[in-house]
Number of protein chains: 2
Amino acid sequence: MTKFHKIPDVVIKRLPVYLRYLQQLVERDIETISSQQMGEDLNLNPAQIRKDLSIFGDFGVKGMGYRVIELSEKLTGILGLDKEIPIALVGMGNLGVALCQYNRYQSANTRIVALFDGHPSKIGEKFGSLEVKSMEELPAVVKEKKIKMGIITVPAQAAQNVADQLINSGIKVILNFAPALIQGPMDVKVQNSDVTTELQALAYYL
Amino acid sequence: MTKFHKIPDVVIKRLPVYLRYLQQLVERDIETISSQQMGEDLNLNPAQIRKDLSIFGDFGVKGMGYRVIELSEKLTGILGLDKEIPIALVGMGNLGVALCQYNRYQSANTRIVALFDGHPSKIGEKFGSLEVKSMEELPAVVKEKKIKMGIITVPAQAAQNVADQLINSGIKVILNFAPALIQGPMDVKVQNSDVTTELQALAYYL
DNA sequence: TAGATTGTTAATCGATTAACAATC
DNA sequence: TAGATTGTTAATCGATTAACAATC
């Protein structure tokens, strides 16, 4: 177990899918699950599922499959979701507000705990228990709340600048919704998630 | 040119990135661009860019690179973005509303033209010039407005059912924001884009 | 012509899948 | 024990990258 190959991003992206599936099984009081059945339900190859899981440990029982609760706990641990993950969100436009509201209900231990905006008119506005802060306050708040993850929902032109500020404040992981390519140092993980680009790619399939 | 290999999804996803980059060059009055320079700016391998583009035609000029305007027009055509693409959005919660507002400004020929919600309280509400319709009206509206693309922003439990209704109405491409795996027939393209899952995967990198 | 850069082939890299010995 | 299913190796598939002849 626990080889020291760098684990491919594509594997990491599947882990939350497995986790969500397992949590559904828990609710249905199902105690064990085979890679075969998982594969059918998730439209994945069973060998791939076994291989993914075996990177992190021998979680299965031969002849029986995986214990649902145990595996779901393992995955939670691997992803680091066993403790709350505080997030800073920058950009309180429509999308920012929506994500903020959404997160108050949904959230599975990833929690938006600070809101920022560059526009004076937005500062001081309240969403639930959170008040929108100015960008000047970013470094202090990030430090105080030990925030390591940031979400960017500002216009494209402002995105890189905001990213730089987040990175300078010590943020290590960024989820960027602005339609702009963001550059960062190698030790910072940037994930782009841009609706416009996605829609344009999908247009191809029509 | 135009081989009859099925073009990989991963190539299609890069096309809008190229397109956006080229549009920025147009604005800066740059007339030609080499794959070398593109690669540097987009953090991609130049050979990959050339290979991607050559699937669709010989767009470049040897010794000179690509004509920016010409290439951007070609890509627009390939993606089918030269005509407006009407979209139906189902689920007027926070996220649905945000996407709807966002699309009114941003949009690059992908345009939300119909809104739906399963909740009676939402029906009749207006967003810009669009009024939220009931799910019963979906088939008729999709047909009338020749809609082929749908966006799902309903809660997870409702997602598959909504997808089925979209597909039955003739929708061919679905962008799903609900944290649920959606199944559809082979001739329907489903793209999942789930913030919760993305955040959970990113948590791993902390 | 000389320099630059394409389009494409071949080499490499990495991810998926099949197959099966190990074992519960 | 017999049946089921894992973990893992080897085979396959597919995508990325290097290299270079063709040519503007």
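Letters A, B, ... mirror the listed sequences (proteins, then strands); counts begin at 1.
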message = Using whole Å, what does the distance between atom P of nucleotide C:dG14 and atom NZ of A:Lys51 come to?
response = 13 Å
A:Lys62 side-chain proximity, nearest of D:dT5, C:dT8, D:dC24 = D:dT5
ask   = Whole-Å distance between D:dA15 C1' and B:Ile12 CD1?
value = 14 Å
ask   = Among C:dG7, D:dC24, D:dA15, which is the nearest nucleotide to the side chain of B:Pro8?
value = D:dA15
ask   = If you check the A:Arg50 side chain, which of D:dA18, D:dG7, D:dC20 turns out closest?
value = D:dG7
query = Nearest of D:dT17, C:dC24, C:dT16 to any side-chain atom of A:Val61?
reply = C:dC24
query = Looking at D:dG7, D:dA10, C:dA10, which one has an atom nearest to any side-chain atom of A:Ser54?
reply = D:dG7
query = Considering every strand shown, what is the Watson-Crick or G-U wobble mate of C:dT16 when both distances are under 3.5 Å?
reply = D:dA11
message = Quick check for you: among D:dT6, C:dG7, C:dT17, whose closest atom lies nearest to any side-chain atom of A:Ser35?
response = D:dT6
request  = Work out which heavy atom in A:Val97 is nearest to a heavy atom in A:Met92; give both atom names and the distance.
outcome  = CG2-O, 3.6 Å
task = Return the value, rounded to whole Å, for the distance between atom CD of B:Glu40 and atom P of C:dT5.
result = 11 Å
inquiry  = Other residues, nucleotides and ligands only: do more than 12 of their heavy atoms fall within 6.0 Å of CD1 on B:Ile69?
reply    = no
ask   = Within the distance-only criterion (no hydrogens, no angle test), does the side chain of B:Gln160 pair as donor or acceptor with the backbone N or O of B:Gln183 below 3.5 angstrom?
value = yes
task = Name the closest nucleotide to the B:Ser34 side chain, picking from C:dT6, C:dT17, D:dT16.
result = C:dT6
request  = Using heavy atoms to find the nearest nucleotide of DNA chain C for A:Leu44 and A:Met64 separately, return the residue whose nucleotide is more 5′.
outcome  = A:Leu44
ask   = Does A:Arg14 put a side-chain nitrogen or oxygen below 4.0 Å from OP1 or OP2 of C:dT16?
value = yes
ask   = Within the structure, does a side-chain N or O atom of A:Tyr66 lie under 4.0 Å from either OP1 or OP2 of C:dC24?
value = no
request  = Give a yes or no answer on whether the side chain of B:Thr76 reaches the backbone of B:Asp82 with a donor-acceptor pair at less than 3.5 Å.
outcome  = no
message = Can a donor-acceptor pair be found, under 3.5 Å and without considering hydrogens, that links the side chain of B:Lys145 to the backbone of B:Ala114?
response = no
ask   = Separation of A:Asp9 atom CG from D:dT16 atom P, in whole Å?
value = 14 Å
query = When the distance from CG of A:Asp58 to C1' of D:dT5 is rounded to whole Å, what number comes out?
reply = 13 Å
inquiry  = Without decimals, in angstroms, what is the distance between B:Met38 CE and C:dT5 P?
reply    = 14 Å
remark   = Among the nucleotides C:dT17, D:dC24, D:dT16, whichever has the atom closest to the side chain of B:Gln48 is D:dT16
Pairing partner of C:dT5 (Watson-Crick or G-U wobble, both distances under 3.5 Å) = D:dA22
ask   = Rounding to a whole Å, what distance do you find between B:Leu53:CG and C:dG7:C1'?
value = 11 Å
key: Residues, nucleotides or ligands: over 12 heavy atoms within 6.0 Å of A:Leu130 CG   = yes
query = In whole angstrom, what separates B:Arg67's CZ from D:dC24's C1'?
reply = 10 Å
task = From the options D:dT17, C:dA15, C:dA22, select the nucleotide whose nearest atom is closest to the side chain of B:Asn45.
result = D:dT17
